[in-house]
Amino acid sequence: MAYLVPSEFVTKMVDAGESKIYMSTRDALIRAYMAGAILALSAVFAVSCSVATGVPLIGALLFPVGFCMLYLLGFDLLTGVFVLTPLALIDKRPGVTLPRVIKHWGIVFAGNFLGALTVAVLMSYVFTFGYHTDGGALAKTIGTIGEKRTLGYAEYGFAGMVTLFIRGMLCNWMVSTGVVGAMISTTVGGKVIAMWMPVMLFFAMAFEHSVVNMFLFPFGILTGAHFTFLDYLLWNEIPTVLGNLVGGLAFTGLTLYSTHVKTAPKRSFN
């Protein structure tokens, strides 16, 4: 597996965050677009398999294939840059400033959304034969997911919003661990295994992932689900993005950085 020790791969995380800040807008947008599109296709694949088998765990076992593909190809998800770029800022890398970090987040968000939306349009057209049918069991399942994870949260008001936020935090705790997994090995097999495990967990637990939702909810709306785009933004996407940011940075980025890069002085027994 050619495993790298934490002090090595956490340094790679900071280096990666710095390189993303210096990346051109064009490259950042293309990489984010492709990441959103591939992850959306993976979501279609996973939900289709879950519906066909009647076993949701099957979808969770298979979903990470898209995540592994996009990171092996060097594409970027918002959930990953939420963790990596702030570390370069905290490490005081030259030229890395808060406005530049936020700008990069905005570019990646836009690219991910456009990529996921493209797949939502294409797949909704395919499953409904040009919007002449209801899309069958898959469209119904995704529509139900959309309703439960927008109006279902809204039903509980503030408690629903907090629940959504926490599910977003837990999601990116696992997903960002998968991002780190791509850095802890120098072999393809090692990277895939390390990425697969936490991403499978997040999908199986139905936590809230901002980029996956960029596909699921527009697809649901296009195939006739009973919620609006505003419902999606207010009662899912915005709180999910914030939860993903806090969860990934707090549980993964800062914990690894603080204990493997900025380590505390060793105890003395003299």
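Basis for what follows: all heavy atoms, side chains included, without hydrogens, waters or symmetry-related copies. Please read all numbers here as calculations on a predicted model, not as lab measurements.
Leu61 and Pro64 get closest at one heavy-atom pair: O-CD, 3.6 Å. Between Gly66 and Ser42, the shortest heavy-atom distance links the atoms N-OG, 3.3 Å. Across all non-hydrogen atoms, the minimal contact from Leu138 to Phe127 is CD2-CZ, 3.1 Å. Counting all heavy atoms, side chain and backbone alike, Cys171 lies closest to Phe207 at CB-CB, 3.4 Å. The two residues Pro198 and Met195 have their closest heavy-atom pair at CD-O, 3.5 Å. For the residue pair Ala139 and Asp134, the shortest heavy atom distance occurs at CB-O, 3.4 Å.
If you take NZ on Lys20 and CG on Asp15, they are separated by 11.5 Å, rounding to the nearest 0.5 Å. Rounding to the nearest 0.5 angstrom, the gap separating the CG atom in Asp231 from the CG atom in Leu151 is 5.0 Å. The CZ atom of Phe227 sits 8.5 Å away from atom CG of Asn236, with the distance rounded to the nearest 0.5 Å. Put simply, OH on Tyr232 and CG on Leu216 are 9.0 Å apart, with the number rounded to the nearest 0.5 Å. Summarising the geometry, atom NE2 belonging to His209 is positioned 5.0 Å from atom CZ belonging to Phe202; distances are rounded to the nearest 0.5 Å. The OG atom of Ser210 sits 7.5 Å away from atom CG of Asn172, with the distance rounded to the nearest 0.5 Å.
With a 4.5 Å cut-off on side-chain heavy atoms, Tyr3 and Thr186 do not count as touching. Residues Val83 and Met13 meet the side-chain proximity criterion, which asks for heavy atoms closer than 4.5 Å. Side chains of Asn213 and Arg149 form a contact here, defined as non-hydrogen atoms less than 4.5 Å apart. For the pair Phe215 and Ile142, the minimum side-chain heavy-atom distance is below 4.5 Å. In this structure, the side chains of Phe75 and Ile30 stay at 4.5 Å or more apart for every pair of heavy atoms. Residues Phe113 and Glu237 form no side-chain contact, since every pair of their non-hydrogen atoms from C-beta on lies 4.5 Å or further apart. Leu39 has its side chain within reach of Val212: a pair of non-hydrogen atoms, C-beta onward, lies under 4.5 Å apart. Between His260 and Phe9 there is no side-chain heavy-atom pair separated by less than 4.5 Å.
Here the side chain of His104 pairs no donor or acceptor atom with the backbone of Ile102 at under 3.5 angstrom. With Asp91 contributing its side chain and Ala88 its backbone, the two residues share no donor-acceptor pair below 3.5 Å. Side-chain atoms of Trp173 do not come within 3.5 Å of backbone N or O of Gly168 as any donor-acceptor pair.
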Side chain to side chain donor-acceptor pair (under 3.5 Å) evaluation trace for Arg167 with Tyr153: CA-CA 11 Å; Arg167 290 170 73 91; Tyr153 288 123; 3.0 Å; yes
Evaluation steps, side chain to side chain donor-acceptor pair (under 3.5 Å), between Thr118 and Tyr33: CA-CA 9 Å; Thr118 299; Tyr33 179 91; 2.9 Å; yes
Steps toward side chain to side chain contact (heavy atoms under 4.5 Å, CB included) verdict (Phe63, Met200): CA-CA 7 Å; Phe63 173 76; Met200 178 182 64; over 6 Å; no
Candidate pair Tyr131 and Ser124, rule side chain to side chain donor-acceptor pair (under 3.5 Å), full reasoning: CA-CA 8 Å; Tyr131 306 106; Ser124 63; 2.7 Å; yes
Val179 vs Thr79, side chain to side chain contact (heavy atoms under 4.5 Å, CB included): CA-CA, chis, key distance, verdict: CA-CA 9 Å; Val179 174; Thr79 43; 5.6 Å; no
From CA spacing to verdict: side chain to side chain contact (heavy atoms under 4.5 Å, CB included), Thr240, Asn244: CA-CA 6 Å; Thr240 296; Asn244 287 170; 3.7 Å; yes
Candidate pair Val101 and Ile21, rule side chain to side chain contact (heavy atoms under 4.5 Å, CB included), full reasoning: CA-CA 6 Å; Val101 169; Ile21 297 300; 3.8 Å; yes
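A side-chain contact (heavy atoms from CB on, under 4.5 Å) with Leu70 holds for exactly one of Leu41, Asp76, Ile38; it is Ile38. Of the residues Thr144, Thr150, Ile145, the one that meets the side-chain contact (heavy atoms from CB on, under 4.5 Å) test with Lys148 is Thr144. Ser176 pairs with exactly one of Leu249, Thr252, Leu256, Val81 by the side-chain contact (heavy atoms from CB on, under 4.5 Å) rule, that one being Thr252.
Leu114 and Met23 fall into different hydrophobic clusters, defined by Ile, Leu, Val, Met, Phe, Trp and Tyr side-chain heavy atoms under 4.5 Å apart, directly or through other members. Placement of Leu84 and Leu29 in two distinct hydrophobic clusters is found when ILVMFWY residues are connected by side-chain heavy-atom separations under 4.5 Å, directly or transitively. Clustering ILVMFWY residues whenever any of their side-chain heavy atoms sit less than 4.5 angstrom apart, transitively, puts Leu72 in the very cluster that holds Phe67. A single hydrophobic cluster is not seen to contain both Phe129 and Met123; linkage of ILVMFWY side chains at heavy-atom distances under 4.5 Å, directly or through other members, places them apart. Cluster membership check: Val126 does not share its hydrophobic cluster with Val47, using side-chain heavy-atom separations under 4.5 Å among Ile, Leu, Val, Met, Phe, Trp and Tyr.
Counted within 6.0 Å of CZ on Arg93, heavy atoms from surrounding residues, nucleotides or ligands total more than 12; the atom is thus considered enclosed. Heavy-atom neighbours of Tyr125 OH from other residues, nucleotides or ligands within 6.0 Å: at or below the threshold of 12. Within a 6.0 Å radius of NZ in Lys12, more than 12 heavy atoms belonging to other residues, nucleotides or ligands are found.
For Tyr156, there are no ring pair (Phe, Tyr, Trp, His ring centres under 6.0 Å) partners two or more places apart in sequence or in a different chain.
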